[in-house]
2 protein chains.
Amino acid sequence: MSRYAPVPFPKVKLEGQFWHERLETVLARTVPSQHKKLGEFGILDSLKLPDPPPPLRFPRHANGFTVQVFWDSDVGKWIEAASYALAHRRDEDIEAKIEAAIDDLEKAQAPDGYLNCWYLGREPDKRWTNLRDNHEMYNAGHLLEGAVAYFQVTGRRRFLDIMERYLDHIYANFGTGPNQRRGYDGHEEIELALMKLYYLTGERKHLEFATYLINERGQQPPHYFDIERELREASGDNRQPYVFPNYEYSQSHKPVREQDKVVGHAVRAMYLYTAMADLAAELGDAALKRACEVLWNDVMETKMYVTAGLGPSAHNEGFTHDFDLPNQTAYAETCASVALIFWAQRMLHLDLDGQYADILELAMFNGALSGLSHDGEHYFYANPLESDGTPTRWEWHTCPCCTMNVSRLVASVGGYFLSTADDGLAFHLYGGISSSVPVAGTTVAVRETSDYPWSGDIAIQLDPEQPAEFDVKLRIPAWCKGASVAVNGEAVHLGNAERGYLTIRRTWQRGDQIALTLPMPPQRLYAHPGVIMNAGRVALKRGPLVYCVEEVDNPGGRVQRLRLPRAAELRAERRSDLFDGAVTISANAISIDESNWSNLYRTEPPAQREGVLTAIPYYLWANRGQGSMLVWVPESS
Amino acid sequence: MSRYAPVPFPKVKLEGQFWHERLETVLARTVPSQHKKLGEFGILDSLKLPDPPPPLRFPRHANGFTVQVFWDSDVGKWIEAASYALAHRRDEDIEAKIEAAIDDLEKAQAPDGYLNCWYLGREPDKRWTNLRDNHEMYNAGHLLEGAVAYFQVTGRRRFLDIMERYLDHIYANFGTGPNQRRGYDGHEEIELALMKLYYLTGERKHLEFATYLINERGQQPPHYFDIERELREASGDNRQPYVFPNYEYSQSHKPVREQDKVVGHAVRAMYLYTAMADLAAELGDAALKRACEVLWNDVMETKMYVTAGLGPSAHNEGFTHDFDLPNQTAYAETCASVALIFWAQRMLHLDLDGQYADILELAMFNGALSGLSHDGEHYFYANPLESDGTPTRWEWHTCPCCTMNVSRLVASVGGYFLSTADDGLAFHLYGGISSSVPVAGTTVAVRETSDYPWSGDIAIQLDPEQPAEFDVKLRIPAWCKGASVAVNGEAVHLGNAERGYLTIRRTWQRGDQIALTLPMPPQRLYAHPGVIMNAGRVALKRGPLVYCVEEVDNPGGRVQRLRLPRAAELRAERRSDLFDGAVTISANAISIDESNWSNLYRTEPPAQREGVLTAIPYYLWANRGQGSMLVWVPESS
């Protein structure tokens, strides 16, 4: 099978209601308001060297650093998101703001190419002394992603040149050569950024340094983080770790090819695995591919929330033990689900298997999208699956990583829909899109008309410039039973999907019509009994969307009082009054009576009343004021 | 009603199987092994000034301190526990060990009376600069409790003299006078210790200083912890808080009489409330009593585990929000349940209401006793109500506070059984005891014969030296329905208990026999629906004992697979093979089939099999190897 590659987002126009709305919100509200917040919170000023103004509202951490050590990355990520926005429509004001940040970065850059504003402005003599904690390469990676995106959209090289000078500095100082330090960052990110630069420029030095970083990670003894700690201590710098001193936290406990359990900080893990999958594909490295598959299976079998949220614990912002998926205290950082999308996309193109696209879609519509409010200007960092009404979306965060992760994702979401190979065109996500792609020696105009994810009826028209024989691969989601396909009105009998895709090979002609029907009745999902938090509970899902019950739709007290009888019929309803036309799920249900309790415990079971339960898509929760919320509803018989 | 006061433990001999076994274990194994551990871990050596050897195995905390700042308290608490042990039987070896520690303390004491070994040994110029974090008064309080106990048992004054010199130093430096600092400790403890010293000596200065500490707490602006922080910073000491900078953590967010919600670190809160109740009684302070009652109700209505565990969160070792009582991650520190017993006892003697004794008993048999292993040499610091099999009891802890809290409790448990007033004798706890108490102008020999808590049949013989008329108050636990009483074989019809006690007033004669029957069929308990973690779950209880299901009694996989049908009969069985004769509860139950799962989620509900569930008393869990455990069992219909 020839290798499939994604069709980049600037070539995929979003026309359907769902993604068009999200994209317009991000372009019109999220990206501009994020720049405003970067200004208000001193993040833009932090680039103004040699004397950045003191930051506001940020207490010093016990180790003497603050979240400011990450701020370069936030600027880089905003430039990336803003550049993607520019690809949809140019905007002089946004471009001027990006250029102003690049001005500051250019001025800040040291003569030897070094460019980390925190160290340059505060402890220039300490640079590269603490890769474990202080994110210099991580920041470089995000700046690089911003520079790549800005160049791709505008053709302007200045930021890219700055970053290439910085990379040359890094390459000179780190590596396996004499006089080089065998360092790598505590927070992975630069690896996948380097792969983007390599794909852009074709320069092998970037691939080689990414390979070095992946290969060096976790080598021991001695462990690099101990080497540098000893050097710090010898110089009198005894500051304690930012968070954790353990290697697992940064996935550096063993060489990556030997890693078989997902551990540590969830976002770091996902960025690492993304780069590993990139490299496995680029190098044809079977051991690396195998490690990716083993780690993937570990996530799928024991560590993922039903929303594709990752990392149950706030303690390490990451993974704990198998089946530990508490709902109310779920950390499930937005960034982790966004990064899971990155990893899933790399896995999908390493091995075209629908299981990866299923998770990509699940994370997209649930764990990632839940991080952005309907109005596009409020966020969740943690995405719990249950709420007593306390959590609310915030306007900004002391560590604003998630805000720009979700905006850069939505602004580039078109890039996840289609892939092409020499003789094939694959459809991964569905919705209303149009594109024009090269396949089998011709150019094929693609128009997909669908109200997905609200409806599973998908109409695809293909218009090849010349008739051409090639595969059309249609992803049949694992959640879907009874999918059917017709070409030009005639049913196609292709048997079951193979590895998640139905393949139609024929000579395609201008005007050919594919009708794909993905039935999406509301479903009940049960968790592995190992997930004890969900014992006796059920989750509702329709198509790719996980649902939740929210107090505003279920007035009369906290939704934790609800019980869904197992036999109750689930009714889907399109609601034009709700978020521009969302589909709700409702059912006859039981409501527990919370009145007449004095102390916490009693011998009589709580009384019950009959009622109705109404659920909305999870990603839409917490957009209508404060209130309780529940994904996993106790089931009664 | 005349005021009741507890009969001190040296006057109450434990003869019944249950407490006799626990006491013998603590005397023979716990107290000696704790001294060994204090030695092995460097805690005893930390008293050896001026040059204590460096501690082993204790990494420095980010703020430059370590758990060593608490070590004086651990020595004090061990001396207290060991002294209580000596009250049961003298032991030259133990006495020599106590004396050796007192030698070190005496040598360590500064000429001005100051006595904190951490500061004296490491930062003598910094003493009293950080009451918020560094526990100087807390340590003094625990040393003082040790000194009081040792004096009471042995009559030896040396330790008490040392501590009184230290207190004079403290009184000179802190208070509302000119040239005094208005400080109080971040970790309450000294207040209740001062009350013990006041009760022992009658010296009002101790009562007055305790009153000052209680009254000063939370006064602002300015807040004392800010005053001292500013002084530290002015002297160049910018070390960060040990844990939390917020006032709620140490219950200093407002004056104590205005506090109406239980907040912060659970043990601190309980020690504070204990002292508040002591003072409310001693001073007749109605506002303080009212604050105690409001705080008590807040705990009972929204914040207590069914085991009388307190403080759900490891984050602050304390309280969070109403109804937040997660099971698996419950912190429920042993010390907090022990301290709840102290508070409950003070409340009970402030106002003889069975609700306080009910909670005292609940905490005793469950949340506190669970902290000590059956063998008497292993511990739990946190007492979760659910386990996936990971937690195990440990031999020692870097912060060994809980170990000596449970040993000093058990060694003095006899002190919680009886109270006397001028014309009354009250029975709070039941079991096999004998005592001799002054009531109504005569001395009454009391012998209670019972296999409580395994049985609710209680026989009491009273032998007054002279016939005397007085009240006998028998606590009827709130969990008990259908209690009956006979005197000398004749049923007594007294109606319902009033505020938890049945009162029998008559002229008691030598040989009078009271037969109290407390039926204790196994019960199901349901949690307030606000405790969403327990939605659809049921807890089992029999008498004062909360039960749990443990994997060792329910082989075939994790106990989280079990479902208890609502209608299933609960069967109690005395098991001579189990922990010297524990009573189990068993029932026909359902077992969820964990096999045949591939990924984490699926649309088919898990399959079920019929089986049997066996539960043991919660306090006995984790004594037979590792395995899963569950207090709140999902209930099926």
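Here is how names work: the chains are called A, B, and so on, in the same order as the sequence lines, proteins then strands, and each is numbered from 1. None of the values given here were measured: they were computed from a predicted structure.
- A heavy-atom distance below 4.5 Å is not found between the side chains of A:D324 and B:D388.
- Interatomic distance, OG1 of B:T329 versus NE2 of A:H315, reported as 12.5 Å (0.5 Å rounding).
- When B:T302, B:V538, B:V531, B:L325 are compared by the number of non-hydrogen pairs under 4.5 Å with chain A, B:T302 comes out ahead.
- When each of B:E604, B:K541, B:M533 is scored by its heavy-atom pairs under 4.5 Å with chain A, the top score falls to B:E604.
- In this structure, NE2 in B:H528 is found 12.0 Å from CD1 in A:I592, a value given to the nearest 0.5 Å.
- Comparing A:R524, A:R602, A:M304 by heavy-atom pairs within less than 4.5 Å of chain B, the highest count is held by A:R602.
- Contacts of B:V299 with chain A are made by backbone atoms alone, with heavy-atom separations under 4.5 Å and no side-chain atom involved.
- Atom CG of B:N534 and atom CD of A:Q560 lie 12.5 Å apart (nearest 0.5 Å).
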_Test side-chain contact (heavy atoms from CB on, under 4.5 Å) applied to B:E301 and A:N599, step by step_ = CA-CA 5 Å; B:E301 291 166 9; A:N599 277 353; 3.9 Å; yes
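- The part of A:K303 that comes within reach of chain B is its backbone (N, CA, C, O), which places non-hydrogen atoms under 4.5 angstrom from that chain.
- Only the side chain of A:P634 comes within less than 4.5 Å of a heavy atom in chain B; its backbone stays farther off.
- Interface remark: A:S636 contributes no atoms to any contact with chain B (heavy atom separation under 4.5 Å).
- Looking at B:D593, only its backbone comes within 4.5 Å of chain A, counting heavy atoms on both sides.
- Residue contact with chain B, scored on non-hydrogen atoms closer than 4.5 Å, is absent for A:L630.
- For the atom pair CZ (A:F323) and CG (B:L600), the distance works out to 6.0 Å, reported to the nearest 0.5 Å.
- Two residues are said to be in side-chain contact when any heavy atoms from C-beta on lie closer than 4.5 Å; B:W479 and A:Y601 fail this criterion.
- Considering CZ of B:R558 and CD1 of A:I532, their distance stands at 5.5 Å, rounded to 0.5 Å.
- Across B:W597 and A:A527, no two heavy atoms sit closer than the pair CH2-O, 3.3 Å.
- Interface remark: A:V633 contributes no atoms to any contact with chain B (heavy atom separation under 4.5 Å).
- Only the side chain of A:Q523 comes within less than 4.5 Å of a heavy atom in chain B; its backbone stays farther off.
- Two residues are said to be in side-chain contact when any heavy atoms from C-beta on lie closer than 4.5 Å; A:R566 and B:P605 meet this criterion.
- For chain B, the nearby part of A:Q328 is the side chain; its heavy atoms alone come within less than 4.5 Å.
- The heavy-atom pair separating A:G536 from B:R563 by the smallest distance is N-NH2, 3.9 Å.
- Looking at B:S628, neither its backbone nor its side chain comes within 4.5 Å of chain A, counting heavy atoms on both sides.
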